[in-house]
Amino acid sequence: MTAIKTVDLTKKDNDLAAGDKLNLEIEEGELFSLLGVNGAGKTTTIKMLSTLTAPTSGEAYVLGHDVKTESDKVKEVIDVSMQETAIARKLTVEENVEFYAALSGQSKTEIETTKEYVFEAFSLKEVARRRACTLSGGWQRKLSIALALVTKPKILFLDEPTLGLDVIARRELWKTIRELKSKMTIILTTHYMEEAEALSDRIGVMKDGKLLFVGTKEEMFNVSGKSSVEDAFIEIVSGGEALV
Amino acid sequence: MYKSINRVFVLTKRNIKEILRDPLSLAFTVALPLVMQILFYLIFHNLTTQFEMRYLAPGIVVFSQSFLTLFTGLLISVDRKTAFLTRLYVSSAKPHEFISGYALSVLPIAIFQSILFFLVGGVFDASLFSVKTLAAVGLSVITSLFFIAAGILFGSICGEKSVGGITSIVITGQSVLSGMWFPLEGMGGGIITFMNVLPFKNATALVKNTVNGIADVASDFLYPLIIVLLYTLITFSAAIFAFKKKMKDN
């Protein structure tokens with residue numbers, strides 16, 4: 001079944017297109033990476049798909065629900081972890097999870113089950129009683145992403161999930177994301193090429209709001225004539241003009 | 001309906017925890033006005049009737065509420081800055097539930113302020129232990145709603161760094177334009193007219209008159225009540241509009 005479908009999806013701000021006639025189909029269970037340099041329109045695309053910002057024109061469907069007219073239904077099946085760490089800083093890790101689970105309407109028993117699941121998936125048990133503001137940046141980021149799992153979404157949007165993490169924390173998070181792959185559809189934005197290479201089933205390359213390429217790594221290599229995601233990405237976004 | 005009430009309850013509970021864990025804000029809303037109440041009474045009450053406890057305590061109650069504007073504004077602007085609110089926008093919660101969650105979490109502090117400052121006032125002037133004071137506590141809940149609404153409005157439109165400066169307008173307004181620190185009789189007609197159409201003097205007058213007895217229902221009670229209610233309604237409407245707009249502009 002199609003998890004996400006967009007038809008000419010466009011977002012313009014002061015005539016500047018952050019998303020320009022995007023046509024995209026993502027299947028359920030897929031891990032799809034959106035690659036692009038800063039300002040390519042990756043975050044805007046995620047915001048449109050997650051109902052956080054309204055498209056200027058075009059259509060987008062999330063598990064068959066129209067993002068413009070059925071935003072409540074879309075919100076029931078998705079969750080988002082934004083680039084910025086989004087946690088309640090003065091609550092403990094445990095209270096953050098409890099709060100977000102309760103807000104999504106879970107019962108006390110369900111909240112307990114959710115806590116166990118999230119603590120296990122992100123190894124948060126050791127810091128459960130600590131206030132979020134006392135955690136290191138890496139742990140805060142981990143908690144922020146973990147909160148997106150609290151609602152047990154069918155589609156998870158991860159916007160630059162490893163931004164600012166050290167190499168060890170990044171690899172740990174990759175491991176967690178790989179484990180989540182079988183359980184939900186994941187749409188991930190990143191500008192780390194190795195991240196897209198290591199995790200993705202398919203990759204979309206964006207530049208200036210346009211989707212320049214969609215396909216598997218192998219297809220990316222074939223189209224670009226290169227043998228690494230980084231070289232292929234540079235080839236695609238530079239339109240074949242060598243940058244070095 | 002049940003789901004909506006539950007979400008408001010969950011949001012309120014979270015906000016209360018955040019508030020209680022911020023000692024600096026609590027110091028401003030409770031400790032500072034308390035020190036001012038006691039000091040000003042001890043120093044000035046023999047010099048001018050303005051600082052007799054039956055006038056000072058109601059003034060302090062409403063003055064302390066102006067810090068709720070700063071308090072609420074900071075809470076919301078920090079939530080916005082940390083993308084915490086963006087995360088919540090993806091939940092099923094609606095703008096009015098967010099606003100109710102913020103308002104309801106600050107309201108208990110307003111009630112606590114009111115009871116505390118009247119109790120402390122009663123220690124210096126036992127006549128404050130009266131049914132009129134109880135009614136004044138009830139009315140102070142209404143006046144606090146104006147300051148909370150202003151906090152929600154400023155928190156929705158200002159950043160974390162600017163919200164302090166902007167909300168200080170309300171605090172200064174309540175301090176200077178309420179007539180709590182100096183008698184208004186000596187002021188020119190134009191200034192008095194200006195003060196009469198603003199919420200600050202009327203909020204103080206509403207609580208002060210209720211404590212000290214209402215001589216004329218229309219001018220001592222109904223007029224200030226209507227002005228405060230009008231400002232509360234307008235400010236809440238503006239706050240809801242600004243909050244919704246920020247959600248859309250995300």
Apply the test side chain to side chain contact (heavy atoms under 4.5 Å, CB included) to residues B:Leu88 and A:Tyr100: give CA-CA distance (whole Å), side-chain angles for both, the deciding distance (0.1 Å), then the verdict.
CA-CA 8 Å; B:Leu88 299 190; A:Tyr100 204 50; 3.8 Å; yes
Working for side chain to side chain contact (heavy atoms under 4.5 Å, CB included), residues B:Tyr89 and A:Thr51:
CA-CA 9 Å; B:Tyr89 293 159; A:Thr51 77; over 6 Å; no
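Within 6.0 Å of the CZ atom in B:Phe9, the count of heavy atoms belonging to other residues, nucleotides or ligands does not exceed 12. Within a 6.0 Å radius of NZ in A:Lys21, no more than 12 heavy atoms belonging to other residues, nucleotides or ligands are found. Summarising the local packing, CD of A:Glu110 is surrounded by more than 12 heavy atoms from other residues, nucleotides or ligands at distances under 6.0 Å. Atom CD of A:Glu179 is surrounded by more than 12 heavy atoms from other residues, nucleotides or ligands within 6.0 Å. Around the CZ atom of B:Phe241, the shell of radius 6.0 Å holds no more than 12 heavy atoms that belong to other residues, nucleotides or ligands. For A:Lys5, the NZ atom sits in a loose shell: 12 or fewer heavy atoms of surrounding residues, nucleotides or ligands are nearer than 6.0 Å. Under a cut-off of 6.0 angstrom, the local environment of NZ in A:Lys152 is crowded, with over 12 non-hydrogen atoms contributed by other residues, nucleotides or ligands. Residue-environment remark: CZ (B:Phe28) stays at or below the threshold of 12 foreign heavy atoms within 6.0 Å.
Minimum heavy-atom separation, B:Arg14 to A:Ala88: NE-CB, 3.9 Å. Across all non-hydrogen atoms, the minimal contact from B:Phe84 to A:Ile87 is CD1-C, 3.3 Å. The minimum heavy-atom distance linking B:Ala83 with A:Thr85 is given by the pair CB-O, 4.4 Å. Contact between A:Leu103 and B:Ser91 at its shortest, heavy atoms only, is CD2-OG, 3.8 Å.
Heavy atoms of A:Glu95 lying under 4.5 Å from chain B belong exclusively to its side chain. Of the atoms belonging to B:Lys94, it is side-chain heavy atoms, and not backbone ones, that fall under 4.5 Å from chain A. Residue A:Arg89 touches chain B through both its backbone and its side chain, counting heavy-atom pairs closer than 4.5 Å. Of the atoms belonging to A:Ser71, not a single heavy atom falls under 4.5 Å from chain B. For chain B, the nearby parts of A:Leu91 are the backbone and the side chain; heavy atoms of each come within less than 4.5 Å.
We find that A:Glu84 and B:Arg87 are not joined by a salt bridge, their nearest charged nitrogen and carboxylate oxygen being 4.0 Å or further apart.
Of the listed residues B:Glu18, B:Lys13, B:Glu97, the one with more heavy-atom pairs under 4.5 angstrom with chain A than any other is B:Glu18. Each of A:Ile78, A:Leu147, A:Asp79 has some count of heavy-atom pairs under 4.5 Å with chain B, and the biggest count is that of A:Leu147.
Here the side chain of A:Lys90 pairs no donor or acceptor atom with the backbone of B:Leu20 at under 3.5 angstrom.
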